[in-house]
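To keep things clear, I will list the structure first and then write my remarks on it.
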Amino acid sequence: PHQAREYLQSVRKQFEERYGPFSQDLLQKGLHSFGSIEYTAQRILAASREGRPFVVAFSGYSITVGRGNFFNQSFPFVLQDVLKESVQQIFGIPLVVRNGAIGGIPSFPYGFCLEHFLGRDPDVISWDYSMNEQGKDASVLEAFVRQATQQLPQRPMLIMIDTNANRMKLLEQYTDKGWLHDAIAVGKKEIIDEKKVFAMSPLPPGFQDWDEF
């Protein structure tokens, strides 16, 4: 437990160093959780008991692909770099991250073939299609969630890269009813005050080269 706390504190410190005085705002305004965090913990513990990797598979469009950057610089692999040592040392299993995103596509027909793009074994998947699907209703997300929970045996946790109110309401309803066990919604750059951030000098590392490709 002491070693686990040390690794978790290291992850928190990396986040604070990356985003400086804005780190708490990013967490408070940009992260919304639904369902049971205990269920998320049980997912990791189950992988550890079974001696298998904990698999996080990302779907989305060009932002998830990392267009304008090298593939290994895309944010799913930044997440892997931050968390892989902690997962290995605390739980004794590897963290496997897959980036199955394809630029410029909507979530369907992609969502009909999740096992082919993401594999059959993910513990966590993502939905990052808000730019290509700008309608305010949640019907397409609902179809994606239903496909994911039917196709993928682990009934994976969902990370939604979006904070649209109707879509977050859908996650709340689905977790309340037990169709989804755990989900989070993650905000994008709209949650920060860019004028306030870029008035700083020097900029925190996470905001440097913000618009460069």
What pairs with [X] under salt bridge (charged side-chain N to carboxylate O under 4.0 Å, His left out), at least two apart in sequence or on another chain?
X      : result
Lys188 : none
Asp81  : Lys84
Arg146 : Glu142
Glu194 : none

Testing the basics here: between [X] and [Y], what is the closest heavy-atom pair and its distance to 0.1 Å?
X      : Y      : value
Thr163 : Met168 : O-CE, 3.5 Å
Asp162 : Arg167 : OD2-NH1, 2.8 Å
Ala148 : Ile125 : CB-CD1, 3.6 Å
Gln89  : Tyr7   : CG-OH, 3.1 Å
Leu171 : Thr175 : O-OG1, 2.8 Å

Review point. How would you list, by chain and number, every residue that makes a side-chain contact (heavy atoms from CB on, under 4.5 Å) with Phe112, sequence neighbours excluded?
Key: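 Phe108, Pro109, Gln147.
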
Sequence-distant partners of [X], ring-ring contact (aromatic ring centres under 6.0 Å, His included), two or more places apart:
X     : result
Phe34 : none
Phe15 : Tyr19
Phe77 : Phe71

Can you tell if the side chain of [X] reaches within under 4.5 Å of the side chain of [Y], non-hydrogen atoms only?
X      : Y      : answer
Met200 : Pro21  : yes
Leu31  : Val186 : yes
Leu26  : Arg18  : no

How long is the gap from [atom1] on [X] to [atom2] on [Y], to the nearest 0.5 Å?
X      : Y      : atom1 : atom2 : answer
Thr149 : Phe144 : OG1   : CZ    : 10.5 Å
Ile192 : Asp25  : CD1   : CG    : 10.0 Å
Phe75  : Ile63  : CZ    : CD1   : 8.0 Å
Ile90  : Gln3   : CD1   : CD    : 7.5 Å
Leu158 : Leu170 : CG    : CG    : 9.5 Å
Tyr174 : His181 : OH    : NE2   : 14.0 Å

Cluster question for you: counting only ILVMFWY and a side-chain heavy-atom cut-off of under 4.5 Å, with indirect links fine, are [X] and [Y] together?
X      : Y      : result
Tyr129 : Leu152 : yes
Tyr39  : Val87  : no
Val65  : Phe117 : no
Ile159 : Met131 : yes
Val140 : Trp179 : yes

Practice item. Can you tell me which residue pairs pass the salt bridge (charged side-chain N to carboxylate O under 4.0 Å, His left out) test with a partner in residues 109-120, sequence neighbours excluded? Key: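 Every pair satisfying salt bridge (charged side-chain N to carboxylate O under 4.0 Å, His left out) with a residue in residues 109-120: Glu115-Arg120.
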
Check your understanding: Less than 4.0 Å between a side-chain N and a carboxylate O, is that true for Lys169 and Glu172?
Key ->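 Yes.
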
Check your understanding: Of all residues at least two apart in sequence or in a different chain, which pass the side chain to side chain donor-acceptor pair (under 3.5 Å) check with Asp137?
Key ->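 Side chain to side chain donor-acceptor pair (under 3.5 Å) check on Asp137 returns Ser139.
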
Check your understanding: Looking only at atom types and distance, does a side-chain atom of Ser59 sit under 3.5 Å from a main-chain N or O of Ser126, one as donor and one as acceptor?
Key ->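 Yes, Ser59 side chain to Ser126 backbone: donor-acceptor pair under 3.5 Å.
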
Donor-acceptor list for residues 43-56 side chains, cut-off 3.5 Å, not counting sequence neighbours:
from	atom 1	to	atom 2	distance (Å)
Arg43	NE	Asp182	OD1	3.3
Arg43	NE	Asp182	OD2	3.0
Arg43	NH1	Gln154	O	3.2
Arg43	NH1	Arg155	O	3.4
Arg43	NH2	Arg155	O	2.8
Arg43	NH2	Asp182	OD1	2.8
Ser48	OG	Phe91	O	2.8
Glu50	OE1	Arg52	NE	2.6
Arg52	NH1	Asp123	OD1	3.2
Arg52	NH1	Asp123	OD2	3.2
Arg52	NH2	Asp123	OD1	3.2

Review point. Would you find more than 12 non-hydrogen atoms of other residues, nucleotides or ligands less than 6.0 Å from Ile37 atom CD1?
Key: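 Atom CD1 in Ile37 is not packed in, count stays at 12 or less.
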
Return all side-chain donor-acceptor pairs below 3.5 angstrom for residues 97-106, not counting sequence neighbours, or 'none' if the list is empty.
from	atom 1	to	atom 2	distance (Å)
Arg98	NH1	Leu118	O	2.8
Arg98	NH1	Asp121	OD1	2.7
Arg98	NH2	Asp121	OD1	3.1
Arg98	NH2	Asp121	OD2	3.3
Asn99	OD1	Ala101	N	3.1
Asn99	ND2	Thr64	O	2.9
Asn99	ND2	Ser74	OG	3.1

